[in-house]
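Notes follow once the structure below has been shown.
Only this structure's heavy atoms are used, side chains among them; waters, hydrogens and symmetry mates stay out.
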Amino acid sequence: MLGNEGAMGGRGWKLYAMWAVLAIGCYQLIPESPWWKGAWQIGIGYGAVTAVLLGARRFSGGARVPWWCFAFGLFANTSGIAVAIYSSEVLHVDEPPTPADPLFLLLYPACAAGLALLIKRREPRRNWAAMVDAGTFTTGLGLLAWVYVIGPAVLSDETRLLGAVVQIAYPIGDLLLLAMLTRLVRSGGARGAAFWWIIGSGSAFFVGDATWVVLGNLGIDINGVQIANRSVDMIFLVAYSLFGLAALHPSARDLDRAAVRPAPRLSTPMLTSLTVASLIAPALLGIQLYAGTPINGPAIVLGSTVLFLLVVLRMAQLLREVQRQADLVRTLSRQDELTRLPNRRAWNDELPRALENARRDDVPVSIAMIDLDHFKKFNDRYGHPAGDRLLTDAAEAWRSVLRQVDILARYGGEEFIVLLPGASTGEALRILQRALEVTPLGQTFSAGLARWDGSESSGELTARADAALYQAKAAGRRQVMVAAAPHGADALPRSDDHEPAADLSVLASSGPLQ
């Protein structure tokens, strides 16, 4: 049916899908006999087990273990069909617990274990938000299960202890499976066809069990209605087949790989589901008050409390995430992405504060506009990656020779600007010479140095430094030009600026990219 391993990766899953559709469709046409129906169900179930095991052969090591768990759960559940028919038709044992119940129930822990292993491989780190979402959804439906299934079974005087345990075990297994499915949906990683078929299979098992419960609570004897009985059976047959289809599909290879992308954010359907789950407790209370039926007060109070705490915890997580993103946006808005230096926005905020501090403390402050020489030629010759490397290496080299109080920022393109608080013009020139000597990859820069006159605005001071930069470039590059004071006055008005100027004749020589 499936062919060799290569076929499984290509058309094997399509052949299996066609076989499953045909087998499930023909289930409505077979004779109304427990033996016929049981044999048909077992054939489809064991076919799914075979498909899962063959699909798992493509994987290696720990990647096979989740699929083995799925195969074991399907095998046990399918085998339970044979035991149930034998118990009913031969042993005449129909009341729970029957010998088939342990086999049926093994499906839930086995599949839950497989899903847990799959989630662990997809997300090595814990995803607390996803766990809270799964807890919220499961708690809401768990309250429904208690009110309509578990509670009546526990409180009934007509059911034997072991029978009550079995009746309770089925909804608990469904809740366990539902919790793991919700957690899988909220995980990161690949979301191919195999992913959604696993979700569909687990959901079909849950829907099938829920249908039995709902029809039983409505007083409908489903075993007495052939079409209804077979239709519900077909839900479980679809659940079997979807697991086999997931295992054979090529996208199963990516299912357990560690997530490259983060877990998806709350989608509208998921948010709607969580909202509905959170409102189950008050809805139950309202229904019981309206109908005048006995109120499950303790269960509703406990469920409401747990749901409330889970919602508060989720809100706290969302608030922390919003704060983290706000901090990140704030940092990115003030930081150059390539060099990790303050960007122009941060510079425009910092310079006025520095000038105000200099005014208050009566100390000098200078700024220098720096432009890498012939950067466009370098970029064209060696490529953009090399140009980016030059910018980042230059920024790191310059910062290593600046003082701790100095601030280097990227002004734009290959232009940088540096704040030199408390530095006289002579000291500023020596600092810039050291920066020039360590410029990497054999490159040089031109710079314009401007000292604040004590009254001009930050924009005017920057404009003077920029004008001096253009003078340095026009004069042949590889040099620092001191800007003229405002209104053409002497650029060195204070006595501390008459110390010997730095010797700028020692320059880094141009050379090939290393």
Tightest non-hydrogen contact, residues A110 and C69, listed as O-CB, 3.4 Å

Applied to residues 89-137, the ring-ring contact (aromatic ring centres under 6.0 Å, His included) test, sequence neighbours excluded, yields none

M131 vs R186 side-chain heavy atoms within contact, under 4.5 Å:
no

Rounded to the nearest 0.5 angstrom, the CZ-CG distance for R389 and L338 is 13.0 Å

Taken in chain and number order and not counting sequence neighbours, the residues that satisfy side-chain hydrogen bond (donor to acceptor under 3.5 Å, both in side chains) with S88 are D94

Between the CG atom in D174 and the CG atom in L178, the distance rounded to the nearest 0.5 Å is 8.0 Å

- Residues R334, D349; criterion side-chain contact (heavy atoms from CB on, under 4.5 Å); working and verdict: CA-CA 9 Å; R334 297 175 59 83; D349 291 340; 2.5 Å; yes

From the list E123, R121, R122, side-chain hydrogen bond (donor to acceptor under 3.5 Å, both in side chains) partner of S187 resolves to R122

Taken to the nearest 0.5 Å, the spacing of L237 CG from I44 CD1 works out to 4.5 Å

If we only count heavy atoms from C-beta on, is the F206 to L181 side-chain gap below 4.5 Å? no

| Side chains of Q317 and V132: does their closest heavy-atom pair fall under 4.5 Å? | yes

Please set out all donor-acceptor pairs under 3.5 angstrom arising from side-chain atoms of residues 322-329, sequence neighbours excluded.
{"unit_1": "Q323", "atom_1": "NE2", "unit_2": "D327", "atom_2": "OD1", "d": "2.9"}
{"unit_1": "R324", "atom_1": "NE", "unit_2": "E321", "atom_2": "OE1", "d": "3.4"}
{"unit_1": "R324", "atom_1": "NH2", "unit_2": "E321", "atom_2": "OE2", "d": "2.9"}
{"unit_1": "Q325", "atom_1": "NE2", "unit_2": "E321", "atom_2": "OE2", "d": "2.9"}
{"unit_1": "D327", "atom_1": "OD1", "unit_2": "R330", "atom_2": "NH1", "d": "2.8"}

Nearest heavy-atom approach of A17 to L245 is CB-CD1, 3.6 Å

- Message: Between Q335 and N343, is there a side-chain heavy-atom distance shorter than 4.5 Å?
- Response: no

Here the pair of heavy atoms bringing V93 nearest to P99 is CG1-CD, 4.4 Å

Residue pairs passing the ring-ring contact (aromatic ring centres under 6.0 Å, His included) test with at least one member in residues 168-203, sequence neighbours excluded, are W13-W197, W197-H249

Correct closest heavy-atom pair for A76 and L106 would be CB-CB, 3.7 Å

Q) Taking the side chain as C-beta and beyond, is there a heavy-atom pair between L143 and T139 under 4.5 Å? A) no

- Verdict with reasoning, I300 to Q288, per side-chain contact (heavy atoms from CB on, under 4.5 Å): CA-CA 11 Å; I300 293 177; Q288 293 185 348; 3.8 Å; yes

So CG of L91 and OG1 of T98: to nearest 0.5 Å the spacing works out to 10.0 Å

By ring pair (Phe, Tyr, Trp, His ring centres under 6.0 Å), F308 pairs with (sequence neighbours left out) none

Residue pairs meeting side chain to side chain donor-acceptor pair (under 3.5 Å), one or both in residues 268-287, sequence neighbours left out, come to none

Hey, does the side chain of T182 reach the backbone of A134 with a donor-acceptor pair shorter than 3.5 angstrom? no

- Task: Using a 4.5 Å cut-off on heavy atoms from C-beta on, say whether the side chain of I407 contacts that of V418.
- Result: no

query = Between L115 and R183, does a side-chain contact (heavy atoms from CB on, under 4.5 Å) hold up when you go through it step by step?
reply = CA-CA 9 Å; L115 290 171; R183 179 63 183 84; over 6 Å; no

Value for OG (S231) from OH (Y27), rounded to nearest 0.5 Å, stands at 9.5 Å

Heavy-atom nearest pair, S241 first then A48, reads N-CB, 4.3 Å

Sorted by chain and residue number, the ring pair (Phe, Tyr, Trp, His ring centres under 6.0 Å) partners of F70 (sequence neighbours excluded) come out as W67, F243

Residues passing the salt bridge (charged side-chain N to carboxylate O under 4.0 Å, His left out) test with D388, sequence neighbours excluded, are none

Rounded to the nearest 0.5 angstrom, the CZ-OG distance for R64 and S60 is 7.0 Å

Less than 4.0 angstrom from a charged side-chain N to a carboxylate O is my criterion; do E356 and R353 meet it? no

> Are side-chain N/O atoms of T339 and D336 paired as donor and acceptor at under 3.5 Å?
Replying inline: yes

### Task
Applying salt bridge (Lys or Arg N to Asp or Glu O under 4.0 Å), run through R410 and E415 and close with a yes or a no.
CA-CA 6 Å; R410 187 179 180 191; E415 286 190 338; over 6 Å; no

* Asked: Taking atom CH2 of W35 as the centre, does the number of heavy atoms from other residues, nucleotides or ligands within less than 6.0 Å exceed 12?
  -> yes

Q. So do the side chains of L54 and Y16 get within less than 4.5 Å of each other, counting heavy atoms only?
A. no

For S304 and A281, the nearest pair of non-hydrogen atoms, with its separation, is OG-CB, 3.1 Å

Going by an N to O cut-off under 4.0 Å, is there a salt bridge joining D233 and R230?
no

Ring pair (Phe, Tyr, Trp, His ring centres under 6.0 Å) filter on F75, not counting sequence neighbours, yields Y46

Taken in chain and number order and not counting sequence neighbours, the residues that satisfy ring pair (Phe, Tyr, Trp, His ring centres under 6.0 Å) with Y240 are F205

Sorted by chain and residue number, the side-chain hydrogen bond (donor to acceptor under 3.5 Å, both in side chains) partners of R344 (sequence neighbours excluded) come out as Y411

Residues pairing under salt bridge (charged side-chain N to carboxylate O under 4.0 Å, His left out) where one sits in residues 295-314, two or more places apart or in two chains, turn out to be D133-R314

*L105/N77 under side-chain contact (heavy atoms from CB on, under 4.5 Å): CA gap, chis, key distance, verdict*: CA-CA 7 Å; L105 289 171; N77 195 270; over 6 Å; no

Task: Any I198 side-chain heavy atom under 4.5 Å of L242 side chain - done: no

Answer yes when D406 and R399 have at least one side-chain N-carboxylate O distance shorter than 4.0 Å, and no when they do not.
no

